[in-house]
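Working notes, beginning with the structure itself.
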Amino acid sequence: MKVYNTMTRKKEELKPMNKNRIKMFVCGPTVYDKSHIGHGRTYIAFDVIARYLKYKGYSVFYLQNITDIDDKIIKRAGELGVEPLSLAKKFEELYLHDMELLGVTNVNYYARAMEHLTEIINQIQTLLDKEFAYETPTGVYFDESKLEDFGKLSNRNIEDLNIHRVNPDTTKRNPGDFALWKKRDEEPAWNSPWGKGRPGWHIEDTAITETYFGGQFDIHGGGLDLIFPHHEAEIAQMESATGKKPMVKYWMHTGFLNVSGEKMSKSLGNFITIKELLKEYDPQVFRYFVLSTHYRSPIDFSDDALMQSQNSLKRIHKVMETVDQLLESDITGENGNDEKYLKLLEDTREEFLNAMDNDFNTPIALSALFNLIRDINKGISEEKISKQVFKEVKNLLNEFGDILGLTFLVESSTSDSDELVNILVDVREKLREKKDYELSDEIRSKLSDAGINLEDK
RNA sequence: GCCAAGGUAGCUUAGAGGCGAAGCGGUGGACUGCAGAUCCAUUACACGGGAGUUCAAAUCUCUCCCUUGGCUCCA
C-alpha cells in the first residue's frame with residue numbers, strides 16, 4: 001500500500017522499519033481550551049488510518065502526546081484564577097470525552113508532557129553535551145546553524161527563517177534558534193540543571209517518542225500547520241540527539257478544516273467546538289463528513305455540507321435496514337443469481353481496499369460502497385435475492401463500517417419505541433384499513449412533528 | 001516577498017495522458033390511497049483562461065487569472 005510522505009512530497013510504498021510493526025505518533029492537543037472541529041477532523045483521519053493499518057494486519061502502536069504545560073495554559077489559568085495543571089487536567093478530560101464520542105478509539109497511549117520531565121531534561125542535556133544547544137541567561141536554545149539540512153521538511157532554508165522574526169530573544173545566537181528550556185521564575189516552574197523554568201514547545205514530543213519508540217519510528221502525523229516550525233524542530237532535536245537519520249520514515253499531515261470558506265478562528269466568530277457540533281449533529285454524520293474528503297485536502301465545514309453527509313449516510317443506513325429486514329423475513333428466494341452478486345461483492349471489496357491502499361482514499365472507498373448499494377437496491381427491486389447473498393452484503397458493509405469507524409446498521413426505531421406510540425401506530429393501521437386516510441395521515445404527520453417517522457410498507 | 005494547497009456538472013468531493021466518477025440536490029416517470037424509501041430517465045459530451053507537447057490532455061509543459069493557507073499561537 002502507498003502512503004504520501006510530506007518529506008518527499010510523493011506517495012511511497014509503505015514498508016515498516018520492523019517487519020509488520022508500525023510505530024505511529026500523532027501530535028496531540030495543547031489542553032488549554034475545548035477541542036474544536038479541526039481537532040476532530042485530524043484525529044478522525046488518523047483514527048481511520050490506524051484502523052486500516054490494523055485491518056491490513058499490521059501491529060500498530062499509536063502514541064499521542066498531551067501538552068499539559070505551555071504558555072497558553074498558564075495564561076488561561078491566570079485569567080480564570082485556577083492552577084495551570086488543574087486547568088490542563090480538565091480540558092484533557094473533555095478532549096478524551098469528545099474523542100470517544102467521535103469514535104476515535106485507537107490511540108494506545110496518551111503521554112503527558114509533565115509526566116516526562118526527566119526525559120525532557122535528559123534530552124536537552126544530550127543536545128548540550130553534543131553542542132547542538134547552548135545556554136544563555138534566558139534559557140537553553142537549539143543552534144540551528146549546526147545543521148546543514150534544517151528546514152528539509154517544509155522546504156525552507158535558514159535565510160528565510162531569519163527574516164520575519166518577531167522580537168527575537170537577544171541572547172540567541174541566530175534568530176531562528178528555538179527554545180528547549182525557558183528559564184522562568186514565576187510558577188509553574190520546575191528545577192533543572194539550568195535553573196527553574198519549563199520546557200520549550202517542541203522538546204516534549206521528541207522526549208516522548210524517544211522514550212517509547214527510540215530515535216526512529218515509522219509514521220509521524222499531525223495537522224498541516226505543524227510542519228513548520230514544530231516538526232522541523234522535532235527533526236532537528238531528535239536527529240541531533242540520537243545521531244540517527246531519519247527520525248521518521250513517513251510524515252503524514254492532514255489538511256485544514258475551514259468554516260464556510262474561511263479559516264476557523266475565534267476572532268472571526270466562527271469557532272466551533274466539538275461539543276457545540278454534537279448539539280446539532282450526530283457524531284457519525286461528522287465522521288462521515290470528514291471521510292467524504294481525502295485527509296490531505298482542505299475540508300469546508302458548512303451546514304449544507306453536513307446535511308449532505310447526513311443524507312448520504314442515511315442512504316447507507318437504509319440499505320442496511322432493508323437487507324436486515326429481508327434476512328429476517330421469508331420472502332427472499334433462490335434464483336441462481338448468487339454467483340453474480342458474490343462477484344459484485346468481491347469486486348466491491350477489491351475496489352474499496354484498492355482505494356484505501358492508495359494513501360487512504362476514503363472518498364473513492366465510499367464511492368465503491370455506493371456503487372454496491374445502487375446495485376443491491378436495483379437487485380432487490382428487480383428480483384428475489386438469496387439470504388446467503390444478503391448475509392454477505394451485510395458482512396461486507398459491516399467490514400467497511402469497521403474500517404471507517406461508522407456504524408451502518410442502526411437499531412430499528414420500532415423496537416425501542418414506547419407503548420403509546422405503538423398504540424397510535426396500530427390505530428392508524430386500522431384507520432388505513434378502513435380507508436380513513438385523512439385521519440391516518442394526520443396521525444403520521446403529528447408523529448413526524450414529534451420526531452417519529454412512519455414509513456408504510 | 002518566500003513556501004505550500006487548490007480552481008472538476010446546481011452543491012460537496014474523487015481521479016491524474018486514451019474506457020466520461022460518487023454522493024447530495026432539481027425535474028419527469030414507475031411503485032404507493034397519499035407521502036417516504038427504492039428503481040428508471042434527465043439535469044450531465046464536467047474539468048479557471050490562453051498557448052504548447054502528443055496519434056490522444058481534466059491529467060504533462062509554459063503563461064496568465066482567481067481562491068485559500070503557512071512564514072515561530074495553531075490539529
Side-chain angles (χ1 to χ4, degrees), chain A residues 6 9 26-30 32-33 35-46 64 67 70-72 75 151 154-157 159-161 163-168 175-179 200-202 221-230 232-233 253-258 261-266 288-289 291-294 296-300 302 304-319 321-322 355 358 361-371 373-374 376-382 432 435-438 440-441 444-445 448 453-457:
Chain A
T6 308
R9 315 244 166 218
V26 174
C27 285
T30 300
Y32 74 105
D33 203 345
S35 306
H36 55 68
I37 56 179
H39 294 115
R41 193 267 165 107
T42 290
Y43 299 127
I44 286 171
F46 282 110
Q64 191 173 107
T67 302
D70 148 285
D71 290 349
K72 284 197 296 293
K75 184 167 173 250
S154 56
N155 196 17
R156 282 162 215 237
N157 54 48
E159 295 83 74
D160 291 341
L161 305 181
I163 49 176
H164 285 101
R165 181 147 294 280
V166 184
N167 301 326
D177 293 350
F178 52 88
W201 174 30
H202 317 294
L224 198 67
D225 50 324
L226 295 179
I227 293 175
F228 186 87
H230 187 51
E232 291 290 3
H253 293 96
T254 51
F256 249 96
L257 179 144
N258 295 318
E262 287 180 307
K263 182 185 174 171
M264 180 171 65
S265 77
K266 287 184 178 166
Y288 179 93
F289 165 71
L291 299 179
S292 68
T293 300
H294 185 84
R296 279 190 282 115
S297 300
I299 187 168
D300 194 37
S302 66
D304 189 45
L306 269 281
M307 284 308 292
Q308 289 191 9
S309 293
Q310 194 165 59
N311 289 338
S312 303
L313 196 55
K314 215 160 103 187
R315 186 169 161 88
I316 306 176
H317 289 163
K318 194 75 199 175
V319 74
E321 194 186 315
T322 305
N358 186 8
N361 196 324
T362 50
I364 291 284
L366 286 171
S367 107
L369 193 154
F370 278 108
N371 282 331
I373 288 176
R374 189 193 53 227
I376 291 298
N377 275 330
K378 190 175 176 177
I380 290 171
S381 67
E382 284 174 357
R432 287 184 72 219
K435 299 204 191 295
D436 186 344
Y437 295 121
E438 203 177 315
S440 66
D441 284 357
R444 180 172 63 192
S445 148
S448 172
N453 291 310
L454 276 189
E455 289 175 11
D456 296 325
K457 230 177 108 182

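Reminder, nothing fancy here: chain letters follow the sequence lines and each chain counts from 1. Reckoned from all heavy atoms, side chains included, excluding hydrogens, waters and symmetry mates. Keep in mind that what you see is a predicted model, and the values were worked out from it rather than measured.
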B/rC74 P sits how many Å from A/Asp225 CG, rounded?
8 Å
Whole-Å C1' distance, B/rA9 and B/rA5:
23 Å
Rounding to an integer number of Å, can you tell me how far A/Gln310 CD sits from B/rU13 P?
17 Å
Sugar-phosphate, base or nothing in reach of A/Asn371, heavy atoms under 4.0 Å:
sugar-phosphate
C1' atom, B/rG70 versus B/rU61: distance in rounded Å?
28 Å
Between B/rA75, B/rA35, B/rC11, which one does the side chain of A/Arg444 approach most closely?
B/rA35
Please indicate whether A/Glu438 has more than 12 foreign heavy atoms, meaning atoms of other residues, nucleotides or ligands, lying under 6.0 Å from its CD.
no
Please give the distance between the P atoms of B/rU59 and B/rA51 as a whole number of Å.
13 Å
Among B/rC39, B/rG25, B/rU13, which nucleotide sits nearest the side chain of A/Ser381?
B/rC39
Measuring to OP1 and OP2 of B/rG23, would you say a side-chain N or O of A/Asn311 lies under 4.0 angstrom away?
no
Complement of B/rG17, any strand, by Watson-Crick or G-U distances under 3.5 angstrom:
none
Whether A/Asn377 contacts B/rA37 is assessed here as follows: a side-chain N or O lying under 4.0 Å from the phosphate OP1 or OP2. Is that the case?
no
Sticking with atom P, work out how far B/rC64 lies from B/rC3, rounded to a whole angstrom.
15 Å
Taking any heavy-atom pair under 4.0 Å as a contact, classify A/Gly222: base, sugar-phosphate, or nothing.
sugar-phosphate
Below the 4.0 Å mark, does B/rA22 have OP1 or OP2 next to a side-chain nitrogen or oxygen of A/Arg315?
no
Span that lies between the P atom of B/rG18 and that of B/rA56, in whole angstrom:
14 Å
Closest-nucleotide mapping onto RNA chain B: is A/Thr254 or A/Ser440 further toward the 5' terminus? I mean the 5' end.
A/Ser440
Could you please name the option among B/rA37, B/rA14, B/rC24 that lies closest to any side-chain atom of A/Lys318?
B/rA37
Separation of the P atoms in B/rG15 and B/rU8, to the nearest angstrom
14 Å
Provide the distance between the two P atoms, one in B/rG10 and one in B/rU32, to the nearest whole Å.
35 Å
Given B/rG33, B/rA75, B/rU68, the nucleotide with the shortest approach to the side chain of A/Asn258
B/rU68
Taken to the nearest whole Å, CD/A/Gln308 to P/B/rU13 is 9 Å
Describe, in one word, how the ring planes of A/His230 and A/His202 are oriented to each other, choosing from parallel (under 30°), tilted (30 to 60°) and perpendicular (over 60°).
tilted
Phosphate oxygens OP1/OP2 of B/rC40: is one of them under 4.0 Å from a side-chain N or O of A/Lys378?
yes
Quick check on B/rG70: is either OP1 or OP2 less than 4.0 Å from any side-chain nitrogen or oxygen of A/Lys263?
yes
Separation of atom CG in A/Asp300 from atom P in B/rU8, rounded to whole Å
13 Å
To the nearest angstrom, the CG-C1' distance between A/Leu257 and B/rG6 comes to 16 Å
Using modelled atom types only, decide if a donor and an acceptor are shared between the side chain of A/Thr362 and the backbone of A/Leu291 within a distance under 3.5 Å.
yes
The Watson-Crick or G-U wobble partner of B/rA41, with both key distances under 3.5 Å, is B/rU27
For B/rC2, give its Watson-Crick or G-U wobble partner with both distances under 3.5 Å, or none.
B/rG70
Sort out the partner of B/rG52 for me: Watson-Crick or G-U wobble, both distances under 3.5 Å, none otherwise.
B/rC60
Have A/Asn371 and A/Arg374 got a donor and an acceptor in their side chains that come within less than 3.5 Å?
yes
Are any of A/Arg374's side-chain N or O atoms less than 4.0 Å away from OP1 or OP2 of B/rA21?
no
How close do A/Ala305 and A/Phe289 get, heavy atom to heavy atom, and via which atoms?
CB-CE1, 3.7 Å
Minimum-distance nucleotide (side-chain atoms of A/His294 versus B/rA75, B/rA14, B/rA5)
B/rA14
Any non-hydrogen side-chain atom of A/Tyr43 less than 4.5 Å from a side-chain atom of A/Gln64?
yes
Just call it for A/Ser302: base, sugar-phosphate, or nothing, with non-hydrogen atoms closer than 4.0 Å on any strand.
nothing
Taking the side chain from A/Arg41 and the backbone from A/Pro298, do they hold a donor-acceptor pair closer than 3.5 Å?
no
Does A/Tyr43 reach a base, just sugar-phosphate, or nothing at all? Heavy atoms under 4.0 Å.
sugar-phosphate
Steps toward side-chain contact (heavy atoms from CB on, under 4.5 Å) verdict (A/Asn358, A/Ile364):
CA-CA 10 Å; A/Asn358 186 8; A/Ile364 291 284; over 6 Å; no
Testing B/rA16, B/rG33, B/rU13 for proximity to the side chain of A/Asn358, the answer is B/rA16
Mind checking if A/Asp71 touches a base, just sugar-phosphate, or nothing, with heavy atoms under 4.0 Å?
nothing
Would you measure the distance from the P atom in B/rC65 across to the matching atom in B/rU53 and give it in whole Å?
23 Å
Is A/Phe370 stacked on the base of B/rA22 when the test is centres under 5.5 angstrom and planes under 30 degrees?
no
Out of B/rC73, B/rU13, B/rC34, which nucleotide sits closest to the side chain of A/Lys72?
B/rC73
A/Pro298 side chain, from C-beta outward: closest of B/rA5, B/rG69, B/rC71:
B/rA5
Should A/Ser312 be listed as having a side-chain N or O under 4.0 Å from OP1 or OP2 of B/rU12?
no
RNA chain B: 5'-proximal contact among A/Leu366 and A/Asp304 (nearest heavy atom)
A/Asp304
Looking across every strand, which nucleic acid part, if any, lies under 4.0 Å from A/Leu224 by heavy atom: base, sugar-phosphate, or nothing?
nothing
So do the side chains of A/Tyr288 and A/Ser312 get within less than 4.5 Å of each other, counting heavy atoms only?
yes
Check the distance between B/rG69's P and A/Ile227's CD1 and give it to me in whole angstrom.
16 Å
